Amino acid sequence: MTFSQKILTWYHINKRDLPWRKTRDPYKIWLSEIMLQQTRVAQGMPYYHRFVEAFPKVGDLANASEEQVLKLWQGLGYYSRARNLHATAKMVANDYQGEFPNTYKGLKSLKGVGDYTASAIASFCFDLPEPVVDGNVYRVLSRYFDVDLPINSTEGIKYFKELAREVMDSENIRDYNQGIMEFGAIQCAPKNPDCESCPLNESCLALQQNKVAQLPVKLNKTKIRNRYFNYIVLLDDDQNTILEQRKGKGIWQNLYQFPLIESEKTIQLNDLEEALIEKSELPKTESLSLYNKEPIVHKLSHQHLHTQFWVAKTSQQIENGIPWGKIDTFPVPVLVADFIKTLKI
DNA sequence: AAAACGGGGCA
DNA sequence: TGCCCAGTTTT
């Protein structure tokens, strides 16, 4: 049996019953693929169901507001995916009459659709012989063929894509692509794979050379930046508060948060009062108290956010304020959502 | 070519 | 704690 035949056989026995495997609707396949980028199936699943229910067709998603889309996406991370998702839905609905492109190149031109996702949609929906290369595939191929080129180097990316194309089964591309990813997720797992029971263990080069744990090779550890966030949670006598939308380049673009004062390190009450004077657009506050004694350290993949929440009461009526009861309608980062849940007012 | 971009699960 | 997850875009 060839490599691809073994993958297909294993897949037919071991495949999970996943909702996006029951359809060839490009809209649903695309939706699931965007959601699953750098995201575990278990984490993405509830979001997939909520999106399909809220937006059954691409036109429904196109007609939604960005806020609605971001709110449904809240907690899934990498929010550019949600913004690109919305932009692509509008493009498909308005410029392509609601039909997704049916070629690799056409798919790749969509916002948020890169090499992997274009190949996935092309093969899953249209049976086009395009190999998918995701994290699972890198792991399976690097181990089975004992390739130690770094999977995140330009050379490695090119090499693995070509290798994937050589060993794929073009006649059964849909099942083969899903199969090799499933195989990587379940059998050829990142840690402590069960090579004893593996159907490829007779011919796996990494296993023969006892190198399974060293593959795949990956370069570059991301450096972590420490940042110090002070959120000002304003409340007037009618329980109105202020949320601001994050604009610009960095994290959480277009999500909402309380007015933020960023500092060089953890600061005390008097430092904050001073900083608050400069942020003169905020109403005058009668009282200001630190909500969490120990800073909450919210960890992103490359930033640690040391966060203090300051509750500020004002007797002035907050103009255009947000009633506290409506705060849950806004898309916010998990850091902010967790605070809102714990604050009792 | 490297960095930016979230959040959660697991050993 | 460090690594990884059905990666893509920007710098």
Side-chain angles (χ1 to χ4, degrees), chain A residues 11 15-16 18-21 29-48 70 73-85 87-88 107-121 123-124 130-140 150-158 160-161 164 174 177-186 188-193 213-225 227 246 248-255 297-305 331-338:
Chain A
Y11 179 60
K15 66 187 263 192
R16 287 169 291 181
L18 302 176
W20 44 86
R21 287 190 177 149
I29 298 294
W30 163 73
L31 189 57
S32 71
E33 291 304 334
I34 302 296
M35 282 182 172
L36 293 176
Q37 287 168 6
Q38 294 292 284
T39 305
R40 283 167 205 284
V41 166
Q43 191 188 358
M45 183 81 77
Y47 288 85
Y48 175 80
L70 285 172
W73 198 272
Q74 182 179 308
L76 203 50
Y78 285 160
Y79 295 93
S80 67
R81 289 185 295 169
R83 298 189 302 269
N84 288 334
L85 184 86
T88 290
L107 289 161
K108 178 88 160 52
S109 74
L110 301 173
K111 277 191 182 179
V113 176
D115 178 70
Y116 162 78
T117 304
S119 301
I121 301 173
S123 60
F124 300 166
E130 295 292 340
V132 291
V133 184
D134 74 333
N136 294 305
V137 176
Y138 280 123
R139 190 166 53 253
V140 173
I151 62 172
N152 53 348
S153 65
T154 304
E155 187 186 3
I157 291 167
K158 189 172 146 96
F160 280 103
K161 178 87 181 182
R174 174 180 155 95
N177 272 344
Q178 303 230 19
I180 190 170
M181 288 194 286
E182 189 84 332
F183 181 82
I186 293 172
C188 197
K191 288 173 195 169
N192 307 321
Q214 279 85 64
L215 293 170
V217 174
K218 196 171 183 178
L219 298 174
N220 302 343
K221 272 159 270 182
T222 60
K223 260 185 301 195
I224 290 179
R225 176 160 73 116
R227 300 177 71 179
R246 286 186 71 94
K249 288 289 166 194
I251 56 173
W252 302 332
Q253 204 179 106
N254 293 5
L255 272 66
V297 184
H298 188 73
K299 293 177 178 178
L300 308 180
S301 43
H302 52 290
Q303 296 184 27
H304 285 0
L305 308 176
V332 298
V334 165
L335 170 62
V336 174
D338 286 347

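On a predicted model such as this, the values are computed, not experimentally measured, just so you know. Side chains included, hydrogens not; waters and symmetry mates left out as well; all remaining heavy atoms used. So you know, we letter chains A, B, ... as the sequences are listed, proteins then strands, and number each from 1.
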Evaluate the criterion side-chain hydrogen bond (donor to acceptor under 3.5 Å, both in side chains) for residue pair Arg81(A) and Gln37(A); output intermediate values, then yes/no.
CA-CA 9 Å; Arg81(A) 289 185 295 169; Gln37(A) 287 168 6; 5.0 Å; no
What about Arg40(A), does its side chain sit under 3.5 Å from the base of dC4(C) through a donor-acceptor pair?
yes
Taking atom P in both dT11(C) and dG6(B), compute the distance separating them and give it to the nearest angstrom.
14 Å
Look at all strands and tell whether Trp20(A) reaches a base, only sugar-phosphate, or nothing, counting heavy atoms closer than 4.0 Å.
base
Which residue, Asn84(A) or Gln43(A), contacts DNA chain C at a nucleotide closer to its 5' end, judged by nearest heavy atom?
Gln43(A)
Ignoring hydrogens and angles, does a donor from either the side chain of Thr39(A) or the base of dG7(B) sit under 3.5 Å from an acceptor on the other?
no
Short side-chain N/O contact to dA4(B) OP1/OP2 from Trp252(A), under 4.0 Å:
no
Taking only the P atom of each, what is the distance from dC10(B) to dA6(C) in whole angstrom?
12 Å
With respect to Trp252(A), which candidate in Leu70(A), Val334(A), Leu335(A) satisfies the side-chain contact (heavy atoms from CB on, under 4.5 Å) definition?
Leu335(A)
Any idea which of dC5(C), dA6(C), dG7(B) is nearest the His298(A) side chain?
dG7(B)
Crowding at NZ, Lys111(A) (>12 non-hydrogen neighbours, <6.0 Å):
no
Any donor-acceptor pair under 3.5 Å joining the side chain of Thr117(A) to the base of dG7(C)?
no
Between dA1(B) and dC5(C) - P atom distance, rounded Å:
22 Å
Phosphate OP1/OP2 of dA6(C): any Gln178(A) side-chain N/O under 4.0 Å
no
Using a distance-only criterion (donor-acceptor N/O pair, under 3.5 Å, no hydrogens), is the base of dG6(B) paired with the side chain of Tyr78(A)?
yes
Closest-nucleotide 5' rank along DNA chain C - winner of Lys218(A) and Lys111(A)
Lys218(A)
If you go through the side-chain atoms of Arg225(A), does one of them form a donor-acceptor pair with the base of dA4(B) closer than 3.5 Å?
no
Among Lys161(A), Met181(A), Glu130(A), the one residue meeting side-chain contact (heavy atoms from CB on, under 4.5 Å) with Tyr116(A):
Met181(A)
Closer than 4.0 Å, any side-chain N/O of Tyr138(A) to the OP1 or OP2 of dA6(C)?
no
Can you tell which of Trp20(A), Trp73(A), Trp30(A) makes a ring-ring contact (aromatic ring centres under 6.0 Å, His included) with Tyr48(A)?
Trp20(A)
